[in-house]
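See structure below.
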Amino acid sequence: MTEDHPLDPREISDLDRVIHSPTRLKIMLVLMSVEEADFTFITHATDLTRGNLSANLTKLEETGYIKIEKKFIERVPKTIASITPAGKKALDDYSSLLGPILDQLRG
């Protein structure tokens, strides 16, 4: 916060509400770090319950931020998630907006 660039709290309204959810943000960060991940891996990496993870994966898939595939690996059904280009852009946009706001607070 400086006189030249005062903190404008209205900027936070521009944050993507889908990604701004701590649960969905955790999922997106996990998927940014891997090519794809199965349901069990994401559950452990995010420390979410299976039901909570399932509901939030659905929300992210509906917005086009992730892709969900059902595969059989060694005859075992697996739910595999991967981030889409739209998801990468949304996370980048979110970071670009939130980063400067947080920098002003630290400033």
Side-chain angles (χ1 to χ4, degrees):
M1 278 185 294
T2 66
E3 276 187 37
D4 295 339
H5 301 287
L7 181 63
D8 184 353
R10 292 173 293 192
E11 290 178 21
I12 202 128
S13 297
D14 295 333
L15 290 173
D16 184 327
R17 292 180 190 272
V18 173
I19 294 178
H20 192 60
S21 156
T23 300
R24 290 188 291 269
L25 181 57
K26 283 196 281 188
I27 295 167
M28 293 293 286
L29 293 174
V30 167
L31 293 177
M32 274 296 285
S33 66
V34 296
E35 188 173 320
E36 62 182 26
D38 72 17
F39 192 89
T40 302
F41 178 85
I42 301 168
T43 300
H44 293 311
T46 59
D47 201 28
L48 296 171
T49 65
R50 295 175 66 78
N52 195 355
L53 177 58
S54 180
N56 282 286
L57 286 175
T58 298
K59 180 72 171 177
L60 289 166
E61 184 181 34
E62 287 171 351
T63 59
Y65 291 170
I66 67 169
K67 181 175 80 170
I68 301 288
E69 293 181 87
K70 305 288 185 174
K71 295 182 179 180
F72 281 89
I73 300 174
E74 297 179 13
R75 298 187 202 186
V76 176
K78 297 278 185 178
T79 299
I80 308 293
S82 59
I83 196 164
T84 64
K88 289 178 182 177
K89 182 179 181 330
L91 194 54
D92 185 55
D93 291 348
Y94 176 83
S95 175
S96 293
L97 183 60
L98 186 59
I101 293 170
L102 296 175
D103 288 344
Q104 287 181 12
L105 290 173
R106 288 188 280 265

To check you understand the geometry: which heavy-atom pair defines the closest contact between [X] and [Y], and what is its length?
X	Y	value
D16	A90	OD2-CB, 4.1 Å
M32	I83	SD-CD1, 3.6 Å
G64	A86	O-CB, 3.7 Å

Tell me whether L102 shares a hydrophobic cluster with L91, the cluster being built from Ile, Leu, Val, Met, Phe, Trp, Tyr side chains joined at under 4.5 Å. yes

Using the salt bridge (charged side-chain N to carboxylate O under 4.0 Å, His left out) rule, collect all pairs that involve residues 62-71, keeping only residues at least two apart or in two chains. E36-K71, K67-E69

Heavy-atom side-chain proximity of [X] to [Y] below 4.5 angstrom:
X	Y	value
T40	H44	yes
I68	I80	no
Y65	L31	no
V30	F41	yes

So does K26 have more than 12 non-hydrogen atoms from other groups sitting under 6.0 Å from NZ? yes

Give a yes or no on whether Y94 atom OH has more than 12 heavy-atom contacts from other residues, nucleotides or ligands under 6.0 Å away. yes

Side-chain donor/acceptor of [X] to backbone N/O of [Y], under 3.5 Å:
X	Y	value
T46	I42	yes
S21	V18	no
N52	L48	no
S82	E35	no
S54	R50	no

If you measure from [atom1] on [X] to [atom2] on [Y], what distance do you get to the nearest 0.5 Å?
X	Y	atom1	atom2	result
I12	I101	CD1	CD1	5.0 Å
L25	L60	CG	CG	10.0 Å
I66	N56	CD1	CG	9.5 Å

Determine, stepwise, if the pair I19 / R24 fulfils side-chain contact (heavy atoms from CB on, under 4.5 Å). CA-CA 6 Å; I19 294 178; R24 290 188 291 269; over 6 Å; no

Salt bridge present between K89 and D93 (N-O < 4.0 angstrom): yes

